[in-house]
Amino acid sequence: MSQTIAALANVSLCSSALDKALHRPNHLPGMIAMYGPSGIGKSFSAAYCANKYQAYYVECKSSWTRKALLSSVLNSMGVMPAKTLPEMTEQACEQLALSGKPLIIDEMDHIVEKKAVEIVRDLYEGSQGTILMIGEERLPAKLKAWERFHNRILDWIPAQLADLSDCKALVSLYSHDVMFSEDLLMEITKKSKGVVRRICVNIEQVRRVAVDAGVEEISLKDWGNRAFYTGEAPSRRL
């Protein structure tokens, strides 16, 4: 594993699916989609896979047009974009086919909402390459509106909520100077409701308390009645 990416369950799921798509028989489709709620580690997975497979990676923005998507894809490939959409599509298809590298499209929901899905299908059809799409929980349902696109998906990967093993992996990555007890890790996982971002925030909060107290180990008892970060805004007291 990369020194900056924790060995989370979703990382393994995504990597295995991408490897399967890269080594698929020629008669099978080459697009896969990972989907799930915000904050549970999908971008961790995409970052790891981009590094492991030397993939072309783009993170879509809500303002993107079809041209913006293609420009970003070509920039990730180190290719100077042509002037027209058809030319840009051909450039990207050629690079995908020649390189054999996968293309990872993060925040795919923005492309669906902009009704630019057919551009992604064009890239796949023109290259027969491997494309991994990352999106929110409703991504599969949204893509059903494009039947020709939807039936070219080789694998749907539902991202999983983080568990105790994931929490331990994140502590190993982000808290080199403080050890956490098992009961504290269990409580962090529970209070964070399996959301990786919340777990990371809680790990840093606990780590800072331990560092400020000058200790190298901390337990749930040591943490006491302090509140964990749950993602909820505190109630205003007037």
Side-chain angles (χ1 to χ4, degrees), residues 1-20 34-61 76 102 104 106-107 132 134-137 157-238:
M1 288 287 181
S2 167
Q3 292 299 312
T4 58
I5 300 294
L8 306 182
N10 284 329
V11 170
S12 179
L13 284 171
C14 190
S15 180
S16 296
L18 188 53
D19 191 71
K20 173 183 173 183
M34 182 177 223
Y35 61 96
S38 175
I40 65 173
K42 301 187 303 293
S43 291
F44 269 73
S45 305
Y48 173 77
C49 288
N51 180 64
K52 179 178 179 180
Y53 297 100
Q54 297 184 311
Y56 303 120
Y57 174 85
V58 294
E59 183 178 353
C60 304
K61 305 295 188 292
S76 75
I104 298 176
D106 203 355
E107 302 289 351
L132 166 62
I134 308 286
E136 297 298 321
E137 184 71 16
I157 314 157
Q160 306 298 308
L161 292 174
D163 59 14
L164 180 59
S165 295
D166 291 328
C167 188
K168 289 180 178 179
L170 290 166
V171 167
S172 296
L173 182 65
Y174 294 125
S175 181
H176 301 291
D177 50 353
V178 176
M179 294 181 62
F180 289 51
S181 68
E182 186 88 359
D183 60 352
L184 179 55
L185 292 171
M186 291 174 66
E187 192 67 11
I188 288 173
T189 305
K190 177 183 175 182
K191 295 296 186 182
S192 302
K193 295 183 178 179
V195 177
V196 170
R197 288 198 186 106
R198 294 175 191 168
I199 290 175
C200 290
V201 172
N202 280 314
I203 288 171
E204 179 58 20
Q205 286 184 336
V206 173
R207 193 191 71 81
R208 287 305 317 167
V209 166
V211 169
D212 290 346
V215 299
E216 297 181 354
E217 294 185 37
I218 185 167
S219 68
L220 184 59
K221 181 180 179 180
D222 298 327
W223 181 249
N225 295 322
R226 297 179 180 87
F228 288 99
Y229 175 72
T230 64
E232 298 293 330
S235 300
R236 182 187 293 274
R237 295 182 179 180
L238 297 177

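These numbers come from a predicted model, not from an experiment.
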Residues two or more places apart in sequence or in another chain: which of them pass salt bridge (charged side-chain N to carboxylate O under 4.0 Å, His left out) with Arg198?
-> none
How long is the straight-line distance from [atom2] of [Y] back to [atom1] of [X], given to the nearest 0.5 Å?
{"X": "Leu184", "Y": "Cys167", "atom1": "CG", "atom2": "SG", "value": "8.0 Å"}
{"X": "Met34", "Y": "Asp106", "atom1": "CE", "atom2": "CG", "value": "10.5 Å"}
{"X": "Cys14", "Y": "Lys52", "atom1": "SG", "atom2": "NZ", "value": "10.5 Å"}
{"X": "Ile203", "Y": "Gln205", "atom1": "CD1", "atom2": "CD", "value": "11.0 Å"}

Listed partners of Ser165 passing side-chain contact (heavy atoms from CB on, under 4.5 Å), at least two apart = Asp163
Under the side-chain contact (heavy atoms from CB on, under 4.5 Å) rule, collect the residues that match up with Ala9, sequence neighbours excluded.
-> Asp166
Side-chain ([X]) to main-chain ([Y]) donor-acceptor, under 3.5 angstrom:
{"X": "Tyr229", "Y": "Cys200", "answer": "no"}
{"X": "Glu107", "Y": "Lys61", "answer": "no"}
{"X": "Lys42", "Y": "Gly36", "answer": "yes"}
{"X": "Ser219", "Y": "Ser181", "answer": "no"}

Would Ser16 and Asp19 count as having a side-chain donor-acceptor pair, cut-off 3.5 Å?
-> no
Do you know the tightest heavy-atom contact between [X] and [Y]?
{"X": "Ala162", "Y": "Val196", "value": "CB-CG2, 4.0 Å"}
{"X": "Pro158", "Y": "Leu13", "value": "O-CD1, 4.3 Å"}
{"X": "Glu137", "Y": "Pro37", "value": "OE1-CD, 3.1 Å"}
{"X": "Ile104", "Y": "Ala55", "value": "CD1-CB, 3.8 Å"}

Would Ser175 and Phe180 count as a side-chain contact (heavy atoms from CB on, under 4.5 Å) if you check the C-alpha gap in whole Å, the side-chain angles of each, and the deciding distance to 0.1 Å?
-> CA-CA 9 Å; Ser175 181; Phe180 289 51; 3.3 Å; yes
Quick one: do Val206 and Trp223 satisfy side-chain contact (heavy atoms from CB on, under 4.5 Å)? Show the steps, please.
-> CA-CA 7 Å; Val206 173; Trp223 181 249; 3.7 Å; yes
State, yes or no, whether a side-chain contact exists between Asn10 and Ser45 at a heavy-atom distance under 4.5 Å.
-> yes
Answer whether the closest heavy-atom distance between the side chains of Leu170 and Leu8 falls below 4.5 Å.
-> yes
Show your reasoning for whether side-chain contact (heavy atoms from CB on, under 4.5 Å) applies to Tyr57 and Cys49.
-> CA-CA 10 Å; Tyr57 174 85; Cys49 288; over 6 Å; no
Inter- and intrachain pairs under salt bridge (Lys or Arg N to Asp or Glu O under 4.0 Å), touching residues 170-182, at least two apart | Lys168-Glu182, Asp177-Arg207
Check side chain to side chain donor-acceptor pair (under 3.5 Å) between Tyr35 and all other residues, then give those that pass, not counting sequence neighbours.
-> none
Let me check something: any side-chain donor-acceptor pairs from residues 188-195 under 3.5 Å, sequence neighbours excluded? List them with distances.
residue, atom, partner, partner atom, Å
Thr189, OG1, Leu185, O, 2.9
Ser192, OG, Ile188, O, 2.7
Ser192, OG, Asn202, ND2, 2.9

